[in-house]
Amino acid sequence: MTGKPVIGITMGDPFGNGPEITVRALADREIYERCNPIVIGDASSMKYALKVAEKILNINLKLHVIKNVDEAVFQYGTIDLLDLALVPAGEIPDSSDQAVPRPFGIGACKTGGEASFQYVKKVIELAMAQKVDATVTNALSKEAINMAGHHYSGHTEIYAEFTGTEKYTMMLAHNDLRVVHVSTHVSLREACDRVKKERVLECIRIANEGCLALGIENPRIGVAGLNPHCGENGMFGREELEEIQPAIDQAMSEGICIPEKGPTPPDTIFSKALGGWYDIVVVMYHDQGHIPLKIKGFVYNREKGHWDAVAGINVTLGLPIIRASVDHGTGFGHAGSGRANELSLKNAVDYAIILANHNQSQEGGTEP
């Protein structure tokens, strides 16, 4: 990589909020000053999203449809789209005769699932071939991709398979609050069974490496317990004694900084993280990490009846390529209305740029 990193952005489900969010994000000139973005998706959906942006937000951008990354112009005001042509124009509602565009009202479907899956597969191929320096994903529907015959529980698992990665974890981040997960898309009952020393230790190591990649010189790791009060010395469960503490002891022997030298009760660890005690928190299951992040990043305005902020990002750590993502869903209920919030996508692009620049400095021996 030389100069600004090339960032491949998947459009997300063509019937969701991804196309509109992409247009709104790429209307920000600063993104083009820091990177060269290219969208992987469908021209039919992006053309509609451009109409929505023009009519509702007075955003006027051009679409440059290409078949190869080498054809991109990377100029502000023009969105480079690598068009996979998977969604016929007739399946996207036409807004040309509408004073104000209306929501699609389509929801999860096989066509959208197949298309969004292929966008992700393509951007992975581009990254593995070093055609792009980092990847950023808009939201897809797990239901839709399974309807299309692709049986994955989310982006993370798709990336793991197509990069041949066995050891990986999800990191969520909102400003300085960061979490990584021992398990994600499994039942709560199965999540408890997955709290094993080897996996907890693996996540602590990946969390430490992820912080270093973000430029944090001496990462401080917080490790959440699984049970109330961290099990109260075995009264409420023995996972802390038999699995989590041994993992912490091993990590500390390797030089990893865990300030409390043991697991921290889940009901206080995030208050401490917000207070600056840790640079990242290792959590034991999906909702243990997602709930505090979304409380901080998602802000709903009751008086105005809309979301003031949908912030926060998702980074898959442990992959041979960079992947950052929005931390919200497809928004089928209002897709096509022009009300989508682009903040999470802009946050994800920002993280992708930081990680790509770090890779360049490591490979080239110079500061980005």
Side-chain angles (χ1 to χ4, degrees), residues 134 154-157 159-161 163-174 176-186 190-226 230 239-264 266 269-270 272-273 276-286 288-290 292-293 313-325 351-352 354-359 361-363:
H155 276 110
T156 304
E157 293 75 19
Y159 269 77
E161 176 165 332
T163 61
T165 304
E166 295 183 0
K167 296 181 179 181
Y168 58 90
T169 189
M170 175 191 298
M171 179 182 79
L172 298 184
H174 175 61
D176 290 335
L177 181 61
R178 306 176 188 89
V179 303
V180 298
H181 302 68
V182 168
S183 68
T184 50
H185 300 129
V186 297
E190 183 177 342
C192 294
D193 293 336
R194 291 196 181 194
V195 178
K196 300 297 182 186
K197 174 189 172 182
E198 292 76 13
R199 175 59 178 166
V200 175
L201 177 59
E202 181 179 286
C203 290
I204 293 172
R205 288 168 173 162
I206 293 175
N208 188 63
E209 292 165 3
C211 286
L212 291 171
L214 291 170
I216 300 170
E217 292 185 3
N218 299 296
R220 296 160 300 158
I221 316 295
V223 181
L226 173 68
C230 283
E239 286 84 0
E240 285 79 8
L241 296 174
E242 297 175 359
E243 307 294 346
I244 301 175
Q245 186 64 57
I248 290 173
D249 293 340
Q250 177 64 37
M252 292 180 64
S253 74
E254 297 172 4
I256 295 174
C257 177
I258 301 174
E260 298 205 63
K261 299 180 174 56
T264 303
I269 195 167
F270 295 104
K272 291 179 177 180
W277 289 40
Y278 321 112
D279 296 300
I280 196 166
V281 175
V282 176
V283 300
M284 296 300 120
Y285 57 92
H286 183 282
Q288 192 181 57
H290 277 64
L293 261 294
I313 58 94
N314 175 347
V315 175
T316 306
L317 300 177
L319 299 173
I321 61 176
I322 296 168
R323 180 251 170 169
S325 180
Y351 260 77
I354 292 170
L355 292 168
N357 285 337
H358 172 79
N359 278 359
S361 68
Q362 293 295 105
E363 293 167 5

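Considering every non-hydrogen atom in both Tyr351 and Ala173, the closest pair reads OH-CB, 3.4 Å. Shown here for Leu226 and Glu240, the closest heavy-atom pair between the two residues is N-OE2, 2.7 Å. Across all non-hydrogen atoms, the minimal contact from Val282 to Ala207 is CG2-CB, 4.2 Å. Across Trp277 and Arg220, no two heavy atoms sit closer than the pair O-NH1, 3.4 Å. Pairing each heavy atom of Ile269 with each of Gly222, the nearest pair is CD1-C, 3.9 Å.
The line from OG1 of Thr316 to CE of Met171 is 9.5 Å long, rounded to the nearest 0.5 Å. A distance of 12.0 Å separates NZ in Lys196 from CZ in Arg194, rounded to the nearest 0.5 Å. Rounded to the nearest 0.5 angstrom, Leu317 CG and Thr165 OG1 are separated by 11.5 Å. Note: Leu201 CG to Ile256 CD1 = 7.0 Å, rounded to the nearest 0.5 Å. In this structure, the separation between CD on Glu190 and OH on Tyr285 is 15.0 Å, given to the nearest 0.5 Å. The CG atom of Leu177 lies 11.5 Å from the CG atom of Asp279; values are rounded to the nearest 0.5 Å.
Put simply, the side chain of Thr184 does not reach to within 4.5 Å of the side chain of Thr156, judged on heavy atoms. Put simply, the side chain of Val182 does not reach to within 4.5 Å of the side chain of Val283, judged on heavy atoms. With contacts defined as side-chain heavy-atom distances shorter than 4.5 Å, the pair Leu293/Val179 qualifies. For the pair Val315 and Leu355, the minimum side-chain heavy-atom distance is below 4.5 Å. Between Met170 and His290, some side-chain heavy-atom pair lies under the 4.5 Å cut-off. Side-chain contact between Ile244 and Met284 is present, with heavy atoms from C-beta onward closer than 4.5 Å.
Side chain of Thr169 to backbone of His181: a donor-acceptor contact under 3.5 angstrom is found. Remark: side-chain polar atoms of Arg178 are not paired, donor with acceptor, to backbone N or O of Tyr278 under 3.5 angstrom. Listed for the Gln288 side chain is a donor-acceptor partner under 3.5 Å among the backbone atoms of Gly225.
Not counting sequence neighbours, Glu161 has no partner by the salt bridge (Lys or Arg N to Asp or Glu O under 4.0 Å) test.
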Residues 246-253, side-chain donor-acceptor partners within the protein, below 3.5 Å, at least two apart:
residue, atom, partner, partner atom, Å
Asp249, OD1, Gln245, NE2, 2.9
Gln250, NE2, Glu254, OE2, 3.0
Ser253, OG, Gln250, O, 2.5

Test side-chain contact (heavy atoms from CB on, under 4.5 Å) on Ile258 and Ile204; report intermediate values, then the result. CA-CA 9 Å; Ile258 301 174; Ile204 293 172; 4.2 Å; yes
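For the pairing with Asn359, the side chain to side chain contact (heavy atoms under 4.5 Å, CB included) check across Ile322, Ile321, Ile354 returns one residue only, Ile322.
Ion pairing between a basic and an acidic side chain is recognised when a charged N comes within 4.0 Å of a carboxylate O; Glu202 and Arg205 show no such pairing.
In the displayed structure, Asp176 atom CG is contacted under 6.0 Å by at most 12 heavy atoms of other residues, nucleotides or ligands.
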